[in-house]
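In what follows, a structure is listed as C-alpha coordinates, so that the remarks can point back to it.
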Protein chains: 2
Amino acid sequence: MMDEPASIDPDAATVDALVQLSFLVIDELGRIAAAHDLSLTQVRMLGILRDRTPPMLELGRHLTLGKSSVTGLVARAEARDLVRRRPDDADGRGVRVGLTDGGRALAAAFTAEMTARIDALVAGLAPRDRDRLTGLAWQVLQRER
Amino acid sequence: MMDEPASIDPDAATVDALVQLSFLVIDELGRIAAAHDLSLTQVRMLGILRDRTPPMLELGRHLTLGKSSVTGLVARAEARDLVRRRPDDADGRGVRVGLTDGGRALAAAFTAEMTARIDALVAGLAPRDRDRLTGLAWQVLQRER
DNA sequence: TATTGTTATACTCTATAACTATA
DNA sequence: TATAGTTATAGAGTATAACAATA
(Lines give C-alpha, C1' and ligand atoms only; values in the text may rest on other atoms or scores of the structure.)
Protein backbone atom coordinates (compact mmCIF):
# COMPACT_ATOMS: atom_id res chain seq x y z
CA MET A 1 0.00 0.00 0.00
CA MET A 2 3.05 2.05 0.63
CA ASP A 3 4.03 1.24 4.14
CA GLU A 4 3.69 -2.53 4.08
CA PRO A 5 5.94 -4.55 6.29
CA ALA A 6 7.99 -7.11 4.34
CA SER A 7 6.22 -10.48 4.54
CA ILE A 8 5.91 -13.94 3.02
CA ASP A 9 6.47 -13.05 -0.64
CA PRO A 10 10.22 -13.04 -1.26
CA ASP A 11 9.72 -10.07 -3.62
CA ALA A 12 7.60 -8.09 -1.20
CA ALA A 13 10.70 -6.26 -0.03
CA THR A 14 11.44 -5.17 -3.57
CA VAL A 15 7.91 -3.95 -4.18
CA ASP A 16 7.96 -2.18 -0.88
CA ALA A 17 11.24 -0.43 -1.40
CA LEU A 18 10.34 0.66 -4.90
CA VAL A 19 6.92 1.98 -3.96
CA GLN A 20 8.19 3.84 -0.92
CA LEU A 21 11.09 5.34 -2.82
CA SER A 22 8.73 6.43 -5.58
CA PHE A 23 6.39 8.13 -3.13
CA LEU A 24 9.38 9.85 -1.57
CA VAL A 25 10.63 11.18 -4.89
CA ILE A 26 7.22 12.31 -6.11
CA ASP A 27 6.49 13.96 -2.77
CA GLU A 28 9.72 15.91 -3.04
CA LEU A 29 8.82 17.05 -6.54
CA GLY A 30 5.38 18.02 -5.33
CA ARG A 31 6.87 20.03 -2.51
CA ILE A 32 9.16 21.93 -4.86
CA ALA A 33 6.29 22.54 -7.26
CA ALA A 34 4.03 23.74 -4.45
CA ALA A 35 6.72 26.17 -3.33
CA HIS A 36 6.29 27.79 -6.75
CA ASP A 37 2.50 27.49 -6.62
CA LEU A 38 2.54 24.82 -9.28
CA SER A 39 0.90 21.42 -9.43
CA LEU A 40 2.85 18.43 -10.69
CA THR A 41 0.74 18.56 -13.83
CA GLN A 42 1.73 22.16 -14.45
CA VAL A 43 5.36 21.23 -13.92
CA ARG A 44 5.11 18.35 -16.37
CA MET A 45 3.49 20.67 -18.89
CA LEU A 46 6.30 23.20 -18.57
CA GLY A 47 8.81 20.38 -19.04
CA ILE A 48 7.10 19.18 -22.20
CA LEU A 49 6.95 22.66 -23.64
CA ARG A 50 10.64 23.36 -23.20
CA ASP A 51 11.43 21.90 -26.59
CA ARG A 52 8.03 21.88 -28.31
CA THR A 53 5.12 24.11 -29.25
CA PRO A 54 2.44 21.49 -29.72
CA PRO A 55 -1.26 21.78 -30.48
CA MET A 56 -3.58 21.30 -27.50
CA LEU A 57 -4.45 17.70 -28.33
CA GLU A 58 -0.83 16.66 -28.62
CA LEU A 59 -0.03 18.28 -25.30
CA GLY A 60 -2.90 16.30 -23.84
CA ARG A 61 -1.49 13.09 -25.27
CA HIS A 62 1.84 13.70 -23.53
CA LEU A 63 0.03 14.29 -20.25
CA THR A 64 -2.61 11.59 -20.74
CA LEU A 65 -5.32 14.20 -20.43
CA GLY A 66 -8.49 14.84 -22.38
CA LYS A 67 -8.83 17.99 -24.42
CA SER A 68 -11.12 19.80 -22.02
CA SER A 69 -8.69 19.15 -19.18
CA VAL A 70 -5.93 20.66 -21.28
CA THR A 71 -8.04 23.70 -22.01
CA GLY A 72 -8.33 24.44 -18.31
CA LEU A 73 -4.73 23.62 -17.53
CA VAL A 74 -3.45 25.92 -20.26
CA ALA A 75 -5.95 28.64 -19.39
CA ARG A 76 -4.74 28.76 -15.79
CA ALA A 77 -1.09 28.77 -16.84
CA GLU A 78 -1.79 31.45 -19.41
CA ALA A 79 -3.46 33.59 -16.76
CA ARG A 80 -0.13 33.44 -14.90
CA ASP A 81 1.81 34.27 -18.04
CA LEU A 82 3.64 30.96 -18.08
CA VAL A 83 2.42 29.85 -21.49
CA ARG A 84 0.95 31.46 -24.56
CA ARG A 85 -1.67 30.23 -27.03
CA ARG A 86 -1.32 30.98 -30.74
CA PRO A 87 -3.47 29.99 -33.69
CA ASP A 88 -1.82 27.28 -35.77
CA ASP A 89 -0.73 28.60 -39.17
CA ALA A 90 -1.14 25.22 -40.79
CA ASP A 91 -4.57 24.37 -39.38
CA GLY A 92 -7.27 26.95 -38.90
CA ARG A 93 -8.80 24.91 -36.08
CA GLY A 94 -5.56 24.36 -34.22
CA VAL A 95 -4.03 26.22 -31.30
CA ARG A 96 -0.37 25.82 -30.39
CA VAL A 97 0.95 26.24 -26.87
CA GLY A 98 4.38 27.59 -26.05
CA LEU A 99 6.33 28.84 -23.05
CA THR A 100 6.68 32.51 -22.25
CA ASP A 101 10.03 33.74 -20.95
CA GLY A 102 8.59 33.55 -17.47
CA GLY A 103 7.45 30.00 -18.01
CA ARG A 104 10.86 29.03 -19.31
CA ALA A 105 12.57 30.61 -16.31
CA LEU A 106 10.25 28.82 -13.93
CA ALA A 107 10.86 25.50 -15.66
CA ALA A 108 14.60 26.03 -15.36
CA ALA A 109 14.31 26.95 -11.68
CA PHE A 110 12.26 23.88 -10.99
CA THR A 111 14.72 21.61 -12.77
CA ALA A 112 17.60 23.05 -10.81
CA GLU A 113 15.85 22.59 -7.49
CA MET A 114 14.71 19.12 -8.41
CA THR A 115 18.22 18.06 -9.37
CA ALA A 116 19.63 19.44 -6.14
CA ARG A 117 17.00 17.69 -4.07
CA ILE A 118 17.27 14.28 -5.73
CA ASP A 119 21.04 14.54 -5.71
CA ALA A 120 20.79 15.11 -1.98
CA LEU A 121 18.62 12.03 -1.64
CA VAL A 122 21.27 9.79 -3.17
CA ALA A 123 24.19 11.68 -1.66
CA GLY A 124 24.56 9.00 0.98
CA LEU A 125 25.36 6.37 -1.61
CA ALA A 126 28.89 5.64 -2.70
CA PRO A 127 29.50 6.87 -6.26
CA ARG A 128 29.67 3.29 -7.47
CA ASP A 129 26.32 2.50 -5.83
CA ARG A 130 24.81 5.61 -7.34
CA ASP A 131 25.87 4.38 -10.75
CA ARG A 132 24.44 0.95 -10.02
CA LEU A 133 21.11 2.46 -8.97
CA THR A 134 21.02 4.56 -12.10
CA GLY A 135 21.76 1.57 -14.27
CA LEU A 136 19.17 -0.62 -12.62
CA ALA A 137 16.48 2.05 -12.82
CA TRP A 138 17.33 2.47 -16.44
CA GLN A 139 17.02 -1.22 -17.12
CA VAL A 140 13.54 -1.25 -15.65
CA LEU A 141 12.55 1.79 -17.68
CA GLN A 142 13.91 0.36 -20.92
CA ARG A 143 11.71 -2.71 -20.76
CA GLU A 144 8.64 -0.51 -20.34
CA ARG A 145 8.94 1.13 -23.74
CA MET B 1 11.18 17.68 -15.20
CA MET B 2 10.57 14.08 -15.89
CA ASP B 3 11.75 13.61 -19.43
CA GLU B 4 14.99 15.49 -19.37
CA PRO B 5 17.75 14.34 -21.63
CA ALA B 6 20.95 13.55 -19.73
CA SER B 7 23.25 16.56 -19.93
CA ILE B 8 26.29 18.28 -18.45
CA ASP B 9 25.79 17.37 -14.80
CA PRO B 10 27.33 13.96 -14.22
CA ASP B 11 24.48 13.15 -11.82
CA ALA B 12 21.74 14.27 -14.18
CA ALA B 13 21.39 10.70 -15.37
CA THR B 14 20.73 9.53 -11.82
CA VAL B 15 18.14 12.21 -11.18
CA ASP B 16 16.54 11.44 -14.48
CA ALA B 17 16.35 7.73 -13.97
CA LEU B 18 15.00 8.07 -10.46
CA VAL B 19 12.36 10.60 -11.36
CA GLN B 20 11.19 8.70 -14.41
CA LEU B 21 11.07 5.41 -12.52
CA SER B 22 9.10 7.07 -9.74
CA PHE B 23 6.55 8.49 -12.15
CA LEU B 24 6.25 5.06 -13.74
CA VAL B 25 5.61 3.34 -10.41
CA ILE B 26 3.16 5.97 -9.16
CA ASP B 27 1.33 5.94 -12.49
CA GLU B 28 0.91 2.19 -12.21
CA LEU B 29 -0.46 2.51 -8.70
CA GLY B 30 -2.80 5.23 -9.89
CA ARG B 31 -4.03 3.04 -12.69
CA ILE B 32 -4.78 0.16 -10.34
CA ALA B 33 -6.49 2.52 -7.91
CA ALA B 34 -8.56 4.07 -10.69
CA ALA B 35 -9.67 0.61 -11.80
CA HIS B 36 -11.27 0.33 -8.36
CA ASP B 37 -12.59 3.90 -8.47
CA LEU B 38 -10.11 4.97 -5.86
CA SER B 39 -7.68 7.87 -5.73
CA LEU B 40 -4.13 7.35 -4.53
CA THR B 41 -5.07 9.21 -1.38
CA GLN B 42 -7.96 6.83 -0.71
CA VAL B 43 -5.61 3.91 -1.27
CA ARG B 44 -3.07 5.33 1.13
CA MET B 45 -5.79 5.85 3.70
CA LEU B 46 -6.94 2.23 3.40
CA GLY B 47 -3.33 1.13 3.82
CA ILE B 48 -2.90 3.18 6.96
CA LEU B 49 -6.14 1.88 8.45
CA ARG B 50 -5.23 -1.76 8.01
CA ASP B 51 -3.52 -1.88 11.39
CA ARG B 52 -4.88 1.24 13.11
CA THR B 53 -8.11 2.97 14.11
CA PRO B 54 -6.81 6.49 14.54
CA PRO B 55 -8.60 9.76 15.29
CA MET B 56 -9.15 12.06 12.35
CA LEU B 57 -6.22 14.34 13.13
CA GLU B 58 -3.78 11.46 13.38
CA LEU B 59 -4.98 10.06 10.07
CA GLY B 60 -4.39 13.48 8.60
CA ARG B 61 -0.85 13.52 9.97
CA HIS B 62 -0.08 10.23 8.24
CA LEU B 63 -1.42 11.62 4.97
CA THR B 64 -0.03 15.13 5.43
CA LEU B 65 -3.52 16.54 5.16
CA GLY B 66 -5.38 19.16 7.13
CA LYS B 67 -8.36 18.19 9.23
CA SER B 68 -10.98 19.55 6.89
CA SER B 69 -9.45 17.59 4.02
CA VAL B 70 -9.66 14.45 6.12
CA THR B 71 -13.29 15.12 6.92
CA GLY B 72 -14.13 15.10 3.21
CA LEU B 73 -11.91 12.13 2.42
CA VAL B 74 -13.43 10.01 5.17
CA ALA B 75 -16.95 11.15 4.35
CA ARG B 76 -16.61 9.98 0.75
CA ALA B 77 -15.09 6.66 1.80
CA GLU B 78 -17.80 6.21 4.40
CA ALA B 79 -20.47 6.83 1.80
CA ARG B 80 -18.98 3.87 -0.09
CA ASP B 81 -18.88 1.74 3.05
CA LEU B 82 -15.11 1.45 3.03
CA VAL B 83 -14.56 3.03 6.44
CA ARG B 84 -16.60 3.73 9.54
CA ARG B 85 -16.51 6.63 12.00
CA ARG B 86 -17.00 6.01 15.73
CA PRO B 87 -16.92 8.39 18.66
CA ASP B 88 -13.73 8.02 20.67
CA ASP B 89 -14.43 6.49 24.08
CA ALA B 90 -11.47 8.24 25.64
CA ASP B 91 -12.11 11.73 24.25
CA GLY B 92 -15.57 13.15 23.82
CA ARG B 93 -14.39 15.37 20.97
CA GLY B 94 -12.61 12.62 19.09
CA VAL B 95 -13.75 10.46 16.19
CA ARG B 96 -11.91 7.28 15.27
CA VAL B 97 -11.79 5.88 11.76
CA GLY B 98 -11.62 2.19 10.94
CA LEU B 99 -11.98 -0.10 7.96
CA THR B 100 -15.19 -1.95 7.20
CA ASP B 101 -14.94 -5.52 5.91
CA GLY B 102 -15.43 -4.14 2.42
CA GLY B 103 -12.65 -1.63 2.93
CA ARG B 104 -10.35 -4.33 4.20
CA ALA B 105 -11.11 -6.54 1.22
CA LEU B 106 -10.48 -3.68 -1.20
CA ALA B 107 -7.18 -2.87 0.51
CA ALA B 108 -6.11 -6.49 0.18
CA ALA B 109 -7.11 -6.62 -3.48
CA PHE B 110 -5.18 -3.47 -4.20
CA THR B 111 -2.06 -4.75 -2.47
CA ALA B 112 -2.19 -8.00 -4.43
CA GLU B 113 -2.54 -6.18 -7.75
CA MET B 114 0.14 -3.70 -6.86
CA THR B 115 2.58 -6.44 -5.94
CA ALA B 116 1.89 -8.29 -9.16
CA ARG B 117 2.35 -5.16 -11.23
CA ILE B 118 5.57 -3.98 -9.60
CA ASP B 119 6.93 -7.51 -9.65
CA ALA B 120 6.26 -7.50 -13.37
CA LEU B 121 8.15 -4.22 -13.71
CA VAL B 122 11.32 -5.70 -12.23
CA ALA B 123 10.81 -9.15 -13.75
CA GLY B 124 13.38 -8.33 -16.40
CA LEU B 125 16.14 -7.95 -13.85
CA ALA B 126 18.32 -10.86 -12.81
CA PRO B 127 17.49 -11.96 -9.25
CA ARG B 128 20.83 -10.61 -8.08
CA ASP B 129 20.10 -7.23 -9.67
CA ARG B 130 16.66 -7.17 -8.13
CA ASP B 131 18.26 -7.63 -4.74
CA ARG B 132 20.76 -4.89 -5.48
CA LEU B 133 17.98 -2.51 -6.49
CA THR B 134 16.07 -3.33 -3.33
CA GLY B 135 19.11 -2.76 -1.18
CA LEU B 136 19.98 0.54 -2.82
CA ALA B 137 16.43 1.85 -2.59
CA TRP B 138 16.43 0.88 1.02
CA GLN B 139 19.67 2.71 1.69
CA VAL B 140 18.20 5.89 0.25
CA LEU B 141 15.04 5.49 2.31
CA GLN B 142 16.95 4.84 5.52
CA ARG B 143 18.79 8.13 5.36
CA GLU B 144 15.51 9.99 4.96
CA ARG B 145 14.19 9.04 8.40
C1' DT C 1 -8.30 28.60 26.65
C1' DA C 2 -6.82 24.91 23.74
C1' DT C 3 -8.09 21.03 20.99
C1' DT C 4 -11.10 17.95 17.90
C1' DG C 5 -13.80 17.92 14.33
C1' DT C 6 -17.33 19.86 10.94
C1' DT C 7 -19.11 23.36 7.83
C1' DA C 8 -18.70 27.01 4.43
C1' DT C 9 -16.24 28.49 0.71
C1' DA C 10 -13.03 28.54 -3.05
C1' DC C 11 -9.74 26.83 -6.39
C1' DT C 12 -7.30 23.11 -9.06
C1' DC C 13 -7.72 18.96 -11.60
C1' DT C 14 -10.19 15.78 -14.22
C1' DA C 15 -14.04 13.85 -17.04
C1' DT C 16 -18.27 13.72 -20.08
C1' DA C 17 -21.28 15.85 -23.18
C1' DA C 18 -22.77 19.54 -26.10
C1' DC C 19 -21.30 23.04 -29.13
C1' DT C 20 -18.41 25.96 -32.66
C1' DA C 21 -15.40 26.44 -36.37
C1' DT C 22 -12.57 24.49 -39.68
C1' DA C 23 -11.13 20.50 -42.71
C1' DT D 1 -18.63 13.98 -41.80
C1' DA D 2 -14.55 14.19 -38.93
C1' DT D 3 -11.38 16.85 -36.19
C1' DA D 4 -9.57 20.76 -32.93
C1' DG D 5 -10.82 23.20 -29.36
C1' DT D 6 -14.01 25.54 -25.92
C1' DT D 7 -17.83 25.73 -22.76
C1' DA D 8 -20.95 23.80 -19.37
C1' DT D 9 -21.27 21.00 -15.67
C1' DA D 10 -20.03 17.91 -12.03
C1' DG D 11 -17.20 15.43 -8.60
C1' DA D 12 -12.76 14.64 -6.08
C1' DG D 13 -9.05 16.69 -3.56
C1' DT D 14 -7.09 20.31 -0.98
C1' DA D 15 -6.85 24.66 1.83
C1' DT D 16 -8.34 28.53 4.92
C1' DA D 17 -11.43 30.46 8.09
C1' DA D 18 -15.32 30.32 11.12
C1' DC D 19 -17.79 27.55 14.24
C1' DA D 20 -19.39 23.75 17.74
C1' DA D 21 -18.43 20.75 21.43
C1' DT D 22 -15.38 18.97 24.69
C1' DA D 23 -11.07 19.19 27.50
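Note on naming: letters A, B, ... go to the chains in the order of the sequence lines (proteins, then strands), and numbering restarts at 1 for each one. The model shown is predicted, which means the values in this text are computed figures rather than measured ones.
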Atom CG of B:Leu40 and atom C1' of C:dC13: how far apart are they, to the nearest Å? 14 Å
Short side-chain N/O contact from A:Arg76 to OP1 or OP2 of C:dC13, under 4.0 Å: yes
Rounded to the nearest angstrom, tell me the gap between atom CD in A:Gln42 and atom P in C:dT12. 9 Å
Report the C-alpha distance between A:Leu63 and A:Leu73 in whole Å, list the side-chain angles of each, state the deciding distance to 0.1 Å, and finish with yes or no for side-chain contact (heavy atoms from CB on, under 4.5 Å). CA-CA 11 Å; A:Leu63 294 167; A:Leu73 193 69; 3.7 Å; yes
If each of A:Thr64 and A:Ala90 is mapped to the nucleotide of DNA chain C with the nearest heavy atom, which maps nearer the 5' terminus, i.e. the 5' end? A:Thr64
A:Leu65 CG to C:dT16 P: how many Å, rounded? 12 Å
Would you tabulate the pairs of protein nitrogen or oxygen atoms and nucleotide nitrogen or oxygen atoms of nucleotides 2-8 of chain D closer than 3.5 angstrom?
{"residue": "D:dT3", "atom": "O4'", "partner": "A:Arg93", "partner atom": "NH1", "Å": "3.3"}
{"residue": "D:dT3", "atom": "O2", "partner": "A:Arg93", "partner atom": "NH1", "Å": "2.8"}
{"residue": "D:dG5", "atom": "OP1", "partner": "A:Met56", "partner atom": "N", "Å": "3.2"}
{"residue": "D:dG5", "atom": "OP1", "partner": "A:Val95", "partner atom": "N", "Å": "2.8"}
{"residue": "D:dG5", "atom": "OP1", "partner": "A:Val95", "partner atom": "O", "Å": "2.9"}
{"residue": "D:dG5", "atom": "OP2", "partner": "A:Leu57", "partner atom": "N", "Å": "2.8"}
{"residue": "D:dG5", "atom": "N7", "partner": "A:Lys67", "partner atom": "NZ", "Å": "2.9"}
{"residue": "D:dG5", "atom": "O6", "partner": "A:Lys67", "partner atom": "NZ", "Å": "2.9"}
{"residue": "D:dT6", "atom": "OP1", "partner": "A:Arg85", "partner atom": "NH1", "Å": "2.7"}
{"residue": "D:dT6", "atom": "OP2", "partner": "A:Thr71", "partner atom": "OG1", "Å": "2.7"}

With sequence neighbours excluded, give me every side-chain hydrogen bond (donor to acceptor under 3.5 Å, both in side chains) pair touching residues 94-104 of chain B. B:Asp88-B:Arg96
State which residues pass salt bridge (Lys or Arg N to Asp or Glu O under 4.0 Å) with B:Asp129; sequence neighbours excluded, sorted by chain then number. B:Arg132
Rounded distance (Å) that lies between atom P of D:dG13 and atom CG of B:Leu73: 6 Å
B:Leu59 CG to C:dT6 C1', in whole Å, measures 15 Å
side-chain hydrogen bond (donor to acceptor under 3.5 Å, both in side chains) contacts in which one or both residues fall within residues 67-79 of chain B, not counting sequence neighbours: B:Glu78-B:Arg85
Can you list the residues that meet the side chain to side chain contact (heavy atoms under 4.5 Å, CB included) rule with A:Arg86, with sequence neighbours excluded? A:Arg84
Does a nitrogen or oxygen in the side chain of A:Ser39 sit under 4.0 Å from OP1 or OP2 of C:dC13? yes
For B:Ser69, report the nucleic acid contact type (base, sugar-phosphate, nothing); a contact means any heavy atom under 4.0 Å. base
Go through the structure and list residues passing side-chain hydrogen bond (donor to acceptor under 3.5 Å, both in side chains) with B:Asp81, not counting sequence neighbours. none
d(CG, B:Asp37; P, D:dG13) in whole Å: 11 Å
Rounded to whole angstroms, how far apart are CG on A:Leu38 and C1' on D:dT14? 16 Å
Specify the separation, in whole Å, of atom CZ of A:Arg31 and atom P of D:dT14. 14 Å
How about A:His36 and A:Gln42: does a side-chain donor come under 3.5 Å of a side-chain acceptor? no
